[in-house]
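Structure record follows, encoded as structure tokens.
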Amino acid sequence: MNRNEKFVITINRELGSGGRTVGEKLAKKLGVPFYDKALIKAMEEKYNLSVEEIERLKGRNHSWWADFKRVVNIGQGMTNSPYYKLSTEVEPDLLTTDEMFKAEKEILKGIAEEESCIIAGRLGFFVLKDVPNRLSILIQASMEHRIERVMRKQGLSREEAEKVIKKVDKMRENYVNKYTGTSRYDTRNYHLVISMDGKSEDEVADLIFSYLG
């Protein structure tokens with residue numbers, strides 16, 4: 001990937017690995033926007049971005065995403081979405097319908113066409129696989145690392161944290177398999193696979209930044 005040209009970095013990560021934080025830190029180092037599933041869903045719901053509405057916007061203006069972004073003031077300041085807070089009851093992916101997935105796919109393509117960016121989750125590794133200047137990353141961690149991080153971040157007991165992680169893992173794997181026919185753990189889907197064990201988010205962000213050259 002050439003970061004001197006328009007690029008997209010997709011990050012798939014395990015719950016509790018710290019991959020989302022890595023993505024945010026890397027985006028700041030590169031000076032590009034960071035988008036995650038919380039922001040994508042918020043845009044869908046707040047601005048009614050159905051497939052039909054996106055097609056209407058495309059028909060009116062080729063640079064529909066750039067215009068939309070300016071109108072709603074989307075940028076790095078919108079990455080801290082309240083939708084992200086972990087729920088022990090319902091994982092956001094569980095709420096995805098076929099129509100929502102189609103809309104999200106168009107949103108991701110629109111983002112990648114208009115600007116360099118980092119996208120976490122939302123099947124970015126699959127939806128944007130044909131983007132020529134792309135880096136796809138999977139960030140993982142041991143179960144112990146993940147449990148301790150979820151306990152610390154969400155104030156859960158060890159048993160609660162492990163239960164949530166296993167539940168989310170299963171739902172995310174089912175979600176990926178349903179819409180891509182592959183596994184989120186298939187390393188052939190990525191250019192880089194990184195373990196967070198023994199590393200801080202800053203160290204991994206620096207590692208990826210150095211890899212980009």
Side-chain angles (χ1 to χ4, degrees), residues 1-40 65 69 74-81 84 104-105 107-150 152-153 165 168-169 172-173 175-176 179-180 182-213:
M1 190 198 88
N2 182 358
R3 65 188 179 98
N4 294 317
E5 299 177 1
K6 186 174 66 180
F7 65 83
V8 60
I9 297 174
T10 65
I11 297 179
N12 207 356
R13 72 272 188 241
E14 292 183 306
L15 177 66
S17 66
R20 181 180 182 275
T21 302
V22 169
E24 289 182 308
K25 289 179 178 294
L26 180 61
K28 288 180 180 178
K29 290 178 74 69
L30 291 169
V32 300
F34 173 83
Y35 299 97
D36 68 355
K37 67 182 178 184
L39 178 56
I40 299 299
W65 173 255
K69 181 179 175 182
I74 292 174
Q76 290 177 317
M78 283 188 68
T79 58
N80 295 319
S81 168
Y84 176 71
E104 288 172 3
K105 185 163 64 172
I107 293 170
L108 292 184
K109 288 181 178 179
I111 294 171
E113 286 173 4
E114 295 294 337
E115 62 185 352
S116 293
C117 61
I118 296 178
I119 297 173
R122 304 326 290 164
L123 302 183
F125 76 91
F126 178 79
V127 172
L128 303 175
K129 63 182 179 181
D130 294 325
V131 173
N133 197 27
R134 173 183 64 92
L135 179 69
S136 184
I137 304 170
L138 174 64
I139 295 180
Q140 298 179 304
S142 66
M143 181 59 76
E144 184 60 27
H145 177 105
R146 298 168 68 195
I147 288 173
E148 289 182 359
R149 194 173 192 278
V150 171
R152 184 174 69 254
K153 291 286 186 179
I165 288 170
V168 171
D169 279 352
R172 286 184 177 175
E173 177 65 5
Y175 170 73
V176 171
Y179 290 108
T180 73
T182 186
S183 168
R184 64 198 294 256
Y185 300 109
D186 188 338
T187 57
R188 290 172 295 184
N189 291 318
Y190 311 100
H191 300 103
L192 283 178
V193 178
I194 300 172
S195 170
M196 291 294 297
D197 288 66
K199 307 178 189 71
S200 69
E201 288 92 347
D202 283 310
E203 287 172 336
V204 173
D206 287 341
L207 184 155
I208 300 170
F209 187 80
S210 298
Y211 174 83
L212 296 174

Residue pair [X] / [Y], side-chain heavy-atom distance below 4.5 Å:
X: Arg3; Y: Phe209; answer: yes
X: Val176; Y: Tyr185; answer: no
X: Leu15; Y: Arg172; answer: yes
X: Arg146; Y: Asp169; answer: yes

Checking [X] side chain against [Y] main chain: does a donor-acceptor pair fall under 3.5 Å?
X: Ser17; Y: Met196; result: no
X: Asn189; Y: Ser183; result: yes
X: Asn133; Y: Lys6; result: yes

Kindly determine whether Val32 and Glu115 satisfy side-chain contact (heavy atoms from CB on, under 4.5 Å), including the steps that lead there. CA-CA 8 Å; Val32 300; Glu115 62 185 352; over 6 Å; no
Using a strict 4.0 Å threshold on nitrogen-to-oxygen distance, state whether Asp206 and Lys29 make a salt bridge. yes
Lys/Arg N to Asp/Glu carboxylate O, Arg152 vs Glu148, below 4.0 Å: no
Check step by step if side-chain contact (heavy atoms from CB on, under 4.5 Å) holds for Ile139 and Glu14. CA-CA 7 Å; Ile139 295 180; Glu14 292 183 306; over 6 Å; no
How far does [atom1] of [X] sit from [atom2] of [Y], to the nearest 0.5 angstrom?
X: Asp202; Y: Leu26; atom1: CG; atom2: CG; value: 11.0 Å
X: Gln140; Y: Tyr190; atom1: CD; atom2: OH; value: 8.0 Å
X: Lys129; Y: Leu123; atom1: NZ; atom2: CG; value: 11.0 Å

Nearest heavy-atom neighbours spanning [X] and [Y]:
X: Phe34; Y: Ala27; value: CB-CB, 3.8 Å
X: Ile111; Y: Cys117; value: CG2-SG, 3.4 Å
X: Gly23; Y: Ile118; value: O-CD1, 3.7 Å
X: Tyr179; Y: Phe126; value: O-CE2, 3.8 Å

Start with the C-alpha distance between Asp197 and Ser195, add both sets of side-chain angles, then the distance that settles side-chain hydrogen bond (donor to acceptor under 3.5 Å, both in side chains), and finish with yes or no. CA-CA 6 Å; Asp197 288 66; Ser195 170; 3.2 Å; yes
Going by side-chain hydrogen bond (donor to acceptor under 3.5 Å, both in side chains), Thr21 matches just one of Arg13, Arg149, Lys153, Glu201. Which one? Arg149
Check against salt bridge (Lys or Arg N to Asp or Glu O under 4.0 Å), Glu24 and Lys28: CA-CA 6 Å; Glu24 289 182 308; Lys28 288 180 180 178; over 6 Å; no
Taking the six-membered ring of Tyr175, is NZ or CZ of Arg184 closer than 6.0 Å to its centre and within 45° of its axis? no
Step by step, work out the side-chain contact (heavy atoms from CB on, under 4.5 Å) result for Phe7 and Leu212. CA-CA 11 Å; Phe7 65 83; Leu212 296 174; 5.9 Å; no
Report the C-alpha separation of Ile137 and Ile194 in whole Å, then their side-chain angles, then the decisive distance to 0.1 Å, and conclude whether the side-chain contact (heavy atoms from CB on, under 4.5 Å) test is met. CA-CA 8 Å; Ile137 304 170; Ile194 300 172; 4.2 Å; yes
With Ile9, the side-chain contact (heavy atoms from CB on, under 4.5 Å) member among Leu135, Leu128, Leu192: Leu135
